[in-house]
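So that the names make sense, note that chain A is the first sequence line, chain B the second, and so on, each numbered from 1. In what follows, every heavy atom counts, from backbone to side chain, and hydrogens, waters and symmetry copies are set aside.
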There are 2 protein chains.
Amino acid sequence: MTATSKRDRILDSAEALFAERGYDGVTLRQIASQAGVDVALANYHFGKKIALFNAVFERRAALLNESRLEALRRVQESAAPAGPTVEQIIEAFLRPLELTQENADPGWRHYLALIAYVNNSTYWGKRMMSKLFDDLVHEFIDALRQALPQASDRDLYWCYHNLSGALTLTFAQTERIDTLSNGQCRSSDFQAAYDHMIPFVAAGFRRVCEPGE
Amino acid sequence: MTATSKRDRILDSAEALFAERGYDGVTLRQIASQAGVDVALANYHFGKKIALFNAVFERRAALLNESRLEALRRVQESAAPAGPTVEQIIEAFLRPLELTQENADPGWRHYLALIAYVNNSTYWGKRMMSKLFDDLVHEFIDALRQALPQASDRDLYWCYHNLSGALTLTFAQTERIDTLSNGQCRSSDFQAAYDHMIPFVAAGFRRVCEPGE
DNA sequence: GTCTATACCGTGATAGAC
DNA sequence: GTCTATCACGGTATAGAC
């Protein structure tokens, strides 16, 4: 017997391959081969290729959103009634992602790279991101609006856009920063990425959304 | 006679389609069809599909780098001998991109979306970005190092990473911010994007790279 | 219900004839 | 430069084994 079901192995392989090469860059035969199953099995479990893609994308989304929302609720409670700072909110948005890197499961790493691919794709971005993540993002924007009471909605959304871009480029793990920095930084080092991203992004929000500095 | 050569029309069509659907999401037949030429002509001019992809990616890179370097030199001269501020350097990095949006040529818009796709792709990112853009980025990092004399190299590179992510997500024009903001922001509005990105990013650099705030 | 073997048929990149 | 042929490979359906 196999430790994980064949259905899960198909999802795992599809996740890894889609993340690396994109939807069209992967064949069902490659996925099946890597999963050690017959080509037709993907079709049996998921139907068309696009349905498998959606299944992969949706599989971990709820878990991810839950852990981030939980982190937000935690800082909201601990900071009541004043409400959390910008830094605390950004931290709650990012650190749960770091935890996914620590345990041995490489699936989370592939999943985040897949999000990078989707988020930055003209075609897939609009089709797939909003449905799964906008509710959660609105929770965080609401919290930021409280922390930055003079901010306009437009400012908040553009600032979030900057955060989203910085974050998803980190997900992609392209190793470009390794080359650029001549090895001083490594794109696999999520902790270093977030350690720099949290103050960077928080300062950006403050500058744009707090008048009169 | 056609206004532009068939060779250029192939490049234009390939640029638009690769930007929208990625390398594997586009067929040579689609490219040829949109360009109004025979399928085999792409092969005649560029050889293999991957060579066409590279030709598209390289076509506008030099021009882009030149206009950004020129903008950097300009602020460096006007700010001599003190050297330009972080804000001025970021401005020189971004504003030339905005200009490309103003003239009617949609090719530049497609090209930037293609950069977004490449930069955030685990597979293509490491293969294509460094070769064309790292020299220019090092010029800007050198300028930032002067403006932020206490910064470590690692800090500078991670901050640039955040800038690169925010910038390329903007390039992708996924319209996600349109949905998220309920129409208050539009991803086609590069000027608004840069107006928010410049202070956001400059503040981020300062927070991370200037001690004791 | 789960899974495999296989066949189908359209479409892809590419090369060679013209 | 253009047209056409090639031939491998893609997604998908189906029949039936376990």
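OP1 and OP2 of dC3(C) both lie 4.0 Å or more from every side-chain N or O belonging to Y44(A). For dG12(C), the OP1/OP2 oxygens have no side-chain nitrogen or oxygen of K49(B) closer than 4.0 Å. Remark: N43(A) is in phosphate contact with dA13(D), judged by side-chain N or O atoms under 4.0 Å from OP1 or OP2. The side chain of H45(A) places an N or O atom within less than 4.0 Å of a non-bridging phosphate oxygen (OP1 or OP2) of dC3(C).
The closest donor-acceptor contact from the side chain of S121(B) to the backbone of Y117(B) lies at 3.5 Å or more, if one exists at all.
Considering only side-chain atoms of V39(B), the nucleotide from dT4(C), dT14(C), dT12(D) that sits closest is dT14(C). Listed nucleotides: dT4(C), dT2(D), dT14(C). Nearest to the side chain of L41(A): dT4(C). When the nucleotides dG10(D), dT12(D), dC3(D) are ranked by their closest atom to the side chain of L28(A), dT12(D) comes out on top. Residue R29(A) places its side chain closer to dA7(C) than to any other of dT4(C), dG1(D), dA7(C). For T27(B), taking side-chain heavy atoms from C-beta onward, the closest of the listed nucleotides dT2(D), dG12(C), dC3(C) is dG12(C). Of the listed nucleotides (dT14(C), dA5(C), dC3(D)), dA5(C) has the atom at the smallest distance from the side chain of A40(A).
Atoms NZ (K48(A)) and P (dT14(D)) sit 10 Å apart, rounded to a whole Å. Distance, D24(A) CG to dG12(C) P: 11 Å, rounded to whole Å. A straight line from CZ of F46(A) to C1' of dG11(D) spans 16 Å, rounded to a whole angstrom. The nearest whole Å value for the distance from the CD1 atom in I50(A) to the C1' atom in dG11(D) is 13 Å. Per the geometry, CZ belonging to R9(A) stands 14 Å off C1' belonging to dT4(C), to the nearest Å. Atoms CG (D38(A)) and C1' (dT6(C)) sit 9 Å apart, rounded to a whole Å.
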Under 3.5 Å, side-chain donor or acceptor atoms of residues 127-134 of chain B against the rest of the protein: list the pairs with distances, not counting sequence neighbours.
from	atom 1	to	atom 2	distance (Å)
R127(B)	NH1	Y123(B)	O	2.6
S130(B)	OG	D134(B)	OD2	3.0
D134(B)	OD1	R176(A)	NE	3.3
D134(B)	OD1	R176(A)	NH2	3.0

Using the side-chain contact (heavy atoms from CB on, under 4.5 Å) rule, take M197(A) and T170(A) through it: C-alpha gap first, then chi angles, then the decisive distance, then the call.
CA-CA 10 Å; M197(A) 201 181 301; T170(A) 305; 3.2 Å; yes
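Look at D38(A) and K6(A) and you find no salt bridge, because none of the NZ, NE, NH1 or NH2 atoms lies under 4.0 Å from a carboxylate O.
Two residues are said to be in side-chain contact when any heavy atoms from C-beta on lie closer than 4.5 Å; Y194(A) and L97(A) meet this criterion.
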